[in-house]
Amino acid sequence: MASSFNVIDMSRITPADSSVSLTLPLTFFDLLWYKFHPVERVIFYRSTDATRPFFDSSIVPNLKSSLSSSLSHYLPLAGKLVWDSLGKKPSLVYSPNDAVLFTVAESSADFSLLTGQKRFPAAELYPLVPELQNSDDSASAVSFQVTLFPNRGFSIGVSAHHAVLDGKTTTMFLKFWADTCKRRQDQTVNTSLPQDLIPLYDRTVIKDPKDIETEVMNLWSSLLKAFSGGKEPDNPKSLKILPSPKLSPDVVRFTLDLTREDIQTLRERLKRESSASSSPKELRLSTFVVTYSYALTCIIRARGGDPSRPVGYGFAVDCRSLLDPPVPPNYFGNCVSAMFKIPLKAERFMGEEGFLIAARYVSDSVEELDETVALKVPEVLAAIQTITQELQVVSVAGSTRFGVYGLDFGWGKPERVVIVSIDQGEAISMAEGRDGNGGVEIGFSLKKHEMEALIDLLRGGLRH
Ligand SMILES: CC(C)(COP(=O)(O)OP(=O)(O)OC[C@H]1O[C@@H](n2cnc3c(N)ncnc32)[C@H](O)[C@@H]1OP(=O)(O)O)[C@@H](O)C(=O)NCCC(=O)NCCSC(=O)CC(=O)O
């Protein structure tokens with residue numbers, strides 16, 4: 001039976017202390033993303049105390065008041081992207097009394113299904129994600145939604161504009177908000193603020209001596225011209241997000257929970273296969289390399305098809321520690337680029353050695369990382385333009401480093417954290433395992449028949 005969903009309330013939450021204005025010019029790292037679909041996360045909390053009266057009297061008021069307080073330290077999140085008529089790029093502007101949209105809702109969807117280990121229709125997640133306002137003139141930075149699953153728990157939906165925040169900044173804010181909310185409930189509100197979660201707005205830490213920013217903006221204008229059939233778009237300074245592909249109703253979600261032992265099993269297999277191969281080579285077998293290579297191989301095999309068909313991979317790289325001087329970890333904004341390999345032939349991954357070949361590619365890509373990866377931002381945007389329907393490129397959203405299962409707002413740790421927006425392409429999502437002992441969660445969003453083949457391959461490979 002289809003689940004019911006209803007919006008209880010929508011309100012604007014202003015920063016508790018909102019007396020100053022703030023303008024942040026976008027850097028080339030931000031401009032890479034300014035027309036792309038927002039990043040959408042849903043964080044699920046199991047709570048049998050979550051009755052409607054408790055939700056209305058405790059959960060919602062605490063989330064709202066702690067959000068208002070937290071926004072005082074993250075003012076730009078209450079602001080908007082605007083593009084001044086004389087400006088050559090958009091800026092993030094916060095003015096007093098700007099606010100974020102906060103939606104309160106209730107759902108009869110099966111909480112255990114959405115947080116469990118079985119596949120379910122991706123459409124079940126969409127009502128849990130708040131809209132992120134965007135128009136020709138402006139675009140909001142973030143929006144939030146809390147949804148009650150009566151007597152089962154609740155979820156916090158977050159939509160984040162990727163030109164404003166990357167994953168590290170998004171999770172830094174969520175940790176700040178959760179810490180504020182929890183301290184209010186523990187009555188420890190007067191303890192000092194967590195210094196590592198105080199954002200740094202100093203944009204001069206992002207150096208651009210080669211004027212990459214202009215290259216990125218020129219690429220965007222040629223891309224937008226191509227989108228509007230080769231002629232100048234009606235409004236070249238529109239901040240409207242690019243239209244999303246229509247999602248077919250048979251897309252399903254599945255989350256693979258890899259334990260630390262599973263990852264070690266895969267790592268040992270790669271070591272065995274590498275030393276037995278004709279060209280044994282030392283591989284970088286980090287958790288990311290092992291898990292991403294495994295997912296990549298299984299997804300390509302699950303689609304099958306013509307072995308000579310083009311495939312590829314791409315993953316985001318946090319450049320903060322790669323730049324010289326390094327960008328502080330509490331920098332507010334984007335500081336990610338990407339490594340990618342496009343096109344490759346599917347057959348490379350479909351044979352017996354497919355997993356080893358994938359691990360070699362990804363290991364080499366990570367080994368190549370240095371500060372020049374930041375200079376490749378225009379190449380990343382150019383590569384994204386070449387991705388066509390028939391090219392299967394597996395990208396990654398999220399990271400095993402963000403500590404999302406530490407987001408305790410005072411009602412315990414999350415039951416599940418889902419990145420909904422991976423369904424906008426061939427992306428997978430990654431997060432550290434919920435139990436915190438070295439496991440990894442990988443989220444998938446695929447058509448039903450492909451998902452069935454994928455799940456068999458993922459589980460089969462662990463019994464190898
Ligand atoms: C390029 C990489 C994926 C490569 O990762 P690797 O793990 O292979 O290599 P590495 O040198 O980073 O790490 C080697 C070992 O050190 C550990 N390590 C290194 N730095 C770490 C850190 N800051 N926190 C925790 N662990 C760290 C790794 O876990 C690993 O150990 P072990 O192997 O034991 O684990 C990574 O460097 C990286 O940049 N990750 C973050 C990517 C990112 O920001 N994605 C989000 C994009 S924005 C987005 O997607 C939107 C959103 O999320 O909202």
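Start at 1 and go down the list; that is how both ligands and their atoms are numbered. Side-chain atoms are counted along with the backbone in the values below, which use heavy atoms only and exclude waters and symmetry mates.
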Trainee: Of the side chain and backbone of L369, name the one, both, or neither that has a heavy atom under 4.0 Å from an atom of ligand 1.
Mentor: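 The answer is the side chain.
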Trainee: Looking at V317, which atoms of ligand 1 are within less than 4.0 Å of one of its heavy atoms?
Mentor: 39 (O)
Trainee: Do we see a donor-acceptor contact under 3.5 Å between the side chains of T259 and D262?
Mentor: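 There is such a pair between these side chains.
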Trainee: Please check this pair: side chain of S429 against backbone of I442, looking for a donor-acceptor N/O pair closer than 3.5 Å.
Mentor: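 Flag not set: sc S429 to bb I442 has no pair under 3.5 Å.
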Trainee: Give me the nearest non-hydrogen protein atom to atom 39 (O) of ligand 1 as residue plus atom name, then the distance to 0.1 Å.
Mentor: D318 N, 2.8 Å
Trainee: Quick one: list whatever passes ring-ring contact (aromatic ring centres under 6.0 Å, His included) with F254, sequence neighbours left out.
Mentor: none
Trainee: Taking 4.0 Å as the limit for heavy-atom contacts, which would you say applies to K168 with ligand 1: side chain only, backbone only, both, or neither?
Mentor: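 Contact part for K168 vs ligand 1: neither.
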Trainee: What part of V39, side chain, backbone, both or neither, has a heavy atom within less than 4.0 angstrom of ligand 1?
Mentor: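 It is the side chain that touches ligand 1; the backbone stays farther off.
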Trainee: Which residue holds the protein heavy atom closest to atom 53 (O) of ligand 1, what is that atom called, and what is the gap in Å?
Mentor: R41 NH2, 2.8 Å
Trainee: Using a strict cut-off of 4.0 Å, indicate which atoms of ligand 1 neighbour a heavy atom of G398.
Mentor: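 Close to G398: 45 (N), 46 (C), 49 (C), 50 (O), 53 (O).
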Trainee: Taking only heavy atoms of F402 into account, list the atoms of ligand 1 that are under 4.0 Å away from them.
Mentor: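 Numbered from 1, ligand 1 contributes 44 (O), 46 (C), 53 (O).
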Trainee: Among all protein heavy atoms, pick out the one at the shortest distance from atom 32 (P) of ligand 1; state its residue, atom name and that distance to 0.1 Å.
Mentor: T287 OG1, 3.3 Å
Trainee: Under 3.5 Å, is there a donor on one side chain and an acceptor on the other for E441 and Y405?
Mentor: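 Yes, side-chain donor-acceptor contact under 3.5 Å.
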Trainee: Answer with yes or no whether the side chains of E40 and S421 bring together a donor and an acceptor at under 3.5 Å.
Mentor: no
Trainee: May I ask you to identify the nearest protein heavy atom to atom 9 (O) of ligand 1, giving residue, atom name and distance to one decimal place in Å?
Mentor: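 Scanning the protein heavy atoms, the shortest distance from atom 9 (O) of ligand 1 goes to R284 NH2, 3.0 Å.
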Trainee: Checking T147 against Q145: is there a side-chain donor and acceptor pair closer than 3.5 Å?
Mentor: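 Per modelled atom types, Q145 and T147 side chains form a pair under 3.5 Å.
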Trainee: To the nearest 0.1 Å, how far is atom 27 (C) of ligand 1 from its closest protein heavy atom, and which atom is that?
Mentor: R401 NE, 3.7 Å
Trainee: My understanding is that only one of F340, Y361, Y292 makes a ring pair (Phe, Tyr, Trp, His ring centres under 6.0 Å) with F315; could you say which?
Mentor: Y292
Trainee: Look at atom 5 (O) of ligand 1 and say which protein heavy atom is nearest, naming residue and atom and giving the distance to 0.1 Å.
Mentor: F288 CB, 3.9 Å
Trainee: Only heavy atoms of A397, strictly under 4.0 Å: list the atoms of ligand 1 that pass.
Mentor: 50 (O)
Trainee: Which pairs count as side chain to side chain donor-acceptor pair (under 3.5 Å) when at least one residue sits in residues 319-334, sequence neighbours excluded?
Mentor: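 Of all non-adjacent pairs touching residues 319-334, those that pass side chain to side chain donor-acceptor pair (under 3.5 Å) are D30-N334, H162-N334, D166-R320, T169-R320, R203-Y331, D318-R320.
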Trainee: Name the closest protein heavy atom to atom 15 (C) of ligand 1, giving the residue it belongs to and the distance to 0.1 Å.
Mentor: S286 CB, 4.9 Å
Trainee: Among C319, S337, S399, which residue places a heavy atom closest to atom 41 (C) of ligand 1?
Mentor: S399
Trainee: Starting from atom 48 (S) of ligand 1, find the nearest protein heavy-atom neighbour and note its residue, name and distance.
Mentor: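 Nearest neighbour among protein heavy atoms for atom 48 (S) of ligand 1, to 0.1 Å: G167 N, 3.3 Å.
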